[in-house]
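Worksheet: one structure, shown below.
Computed from a prediction, not measured in an experiment: that's the story for all the values here.
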Amino acid sequence: MHLRKAKLMFFWVRYPSSAVLKMYFPDIKFNKNNTAQLVKWFSNFREFYYIQMEKYARQAISEGLKAADDLHVAGDSELYRVLNLHYNRNNHIEVPPNFRYVVEQTLREFFRAIQGGKDTEQSWKKSIYKVISRLDDPVPEYFKSPNFLEQLE
DNA sequence: TTGGGTCCTG
DNA sequence: CAGGACCCAA
């Protein structure tokens with residue numbers, strides 16, 4: 001399967017259904033195993049993503065930031081460098097504007113939760129995941145192109 | 001029972 | 001990232 005491509009898709013969708021994923025990999029003969037693997041990949045992508053978000057949010061709090069709305073993500077921030085290195089290693093594509101928005105919202109959600117001491121509760125991240133799951137955007141049609149990966153080079 | 005998901009490991 | 005334990009909804 002195409003790990004590189006799946007990672008790039010993450011910039012648009014964090015919680016894609018297996019049905020949607022299949023549409024974007026028309027060249028793959030899906031079965032129980034590889035679909036599960038693809039779904040698992042996104043689960044791993046989210047893990048990395050949320051870990052970074054929580055880390056960054058806690059850092060903002062430790063630096064004395066008071067309001068979540070004061071949290072902004074610059075295109076040249078360290079956070080962006082890390083995310084880009086993980087999902088878009090060779091800068092295959094330009095990071096879509098909406099992803100920046102999603103990152104900002106995620107950071108604010110974590111910030112508010114931590115600031116409000118919610119992070120001591122049982123499954124405090126669940127509510128955050130729920131919010132973020134609604135921020136998926138449609139994946140560009142060109143991802144369906146048979147020679148998508150080749151066009152990146 | 002399954003298919004997703006998360007969490008924690010290796 | 002892959003595996004496996006474990007949870008939840010369909």
Nearest-0.5 Å distance that lies between atom [atom1] in [X] and atom [atom2] in [Y]:
X       : Y       : atom1 : atom2 : value
A:Arg14 : A:Ser43 : CZ    : OG    : 15.0 Å
A:Met1  : A:Trp41 : CE    : CH2   : 5.0 Å
A:Ile61 : A:Tyr56 : CD1   : OH    : 13.5 Å

What is the nucleic acid contact for [X], judged by heavy atoms within less than 4.0 Å: base, sugar-phosphate only, or nothing?
X        : result
A:Phe48  : nothing
A:Ser18  : sugar-phosphate
A:Lys130 : nothing

What nucleotide, of [options], holds the atom closest to the side chain of [X]?
X        : options             : value
A:Arg46  : B:dT6, B:dC7, C:dA2 : B:dT6
A:Tyr15  : B:dC7, B:dG4, B:dT6 : B:dT6
A:Leu3   : B:dG4, B:dT6, C:dC1 : C:dC1
A:Lys126 : C:dC1, B:dT6, B:dG4 : B:dT6

(request) Look at the side chain of A:Lys40 and the base of C:dG4, then say whether one donor and one acceptor between them are separated by less than 3.5 Å. (result) yes
(request) Establish whether the base of B:dC8 is bridged to the side chain of A:Glu47 by a donor-acceptor pair shorter than 3.5 Å. (result) yes
Quick one: [X] [atom1] to [N] [atom2], roughly how many Å, whole number?
X        : N     : atom1 : atom2 : value
A:Asp136 : B:dG5 : CG    : P     : 10 Å
A:Ile128 : B:dC7 : CD1   : P     : 11 Å
A:Gln37  : B:dG4 : CD    : C1'   : 16 Å
A:Trp124 : B:dT6 : CH2   : C1'   : 14 Å
A:Asn44  : B:dG4 : CG    : P     : 16 Å
A:Phe45  : B:dG4 : CZ    : P     : 16 Å
A:Asn33  : B:dG4 : CG    : C1'   : 15 Å
A:Lys32  : B:dT1 : NZ    : P     : 15 Å

(request) Identify whether the distance between the nearest side-chain nitrogen and carboxylate oxygen of A:Arg112 and A:Asp119 falls below 4.0 Å. (result) no
(request) In plain terms, say whether A:Arg58 and A:Glu54 are close enough for a salt bridge, that is, a side-chain N and a carboxylate O under 4.0 Å apart. (result) yes
(message) Please confirm whether the shortest side-chain N or O distance from A:Ser43 to OP1 or OP2 of B:dT6 is below 4.0 Å.
(response) yes
(message) Check the phosphate of B:dC7 against A:Tyr129, side-chain N and O only, distance under 4.0 Å to OP1 or OP2. Yes or no?
(response) yes
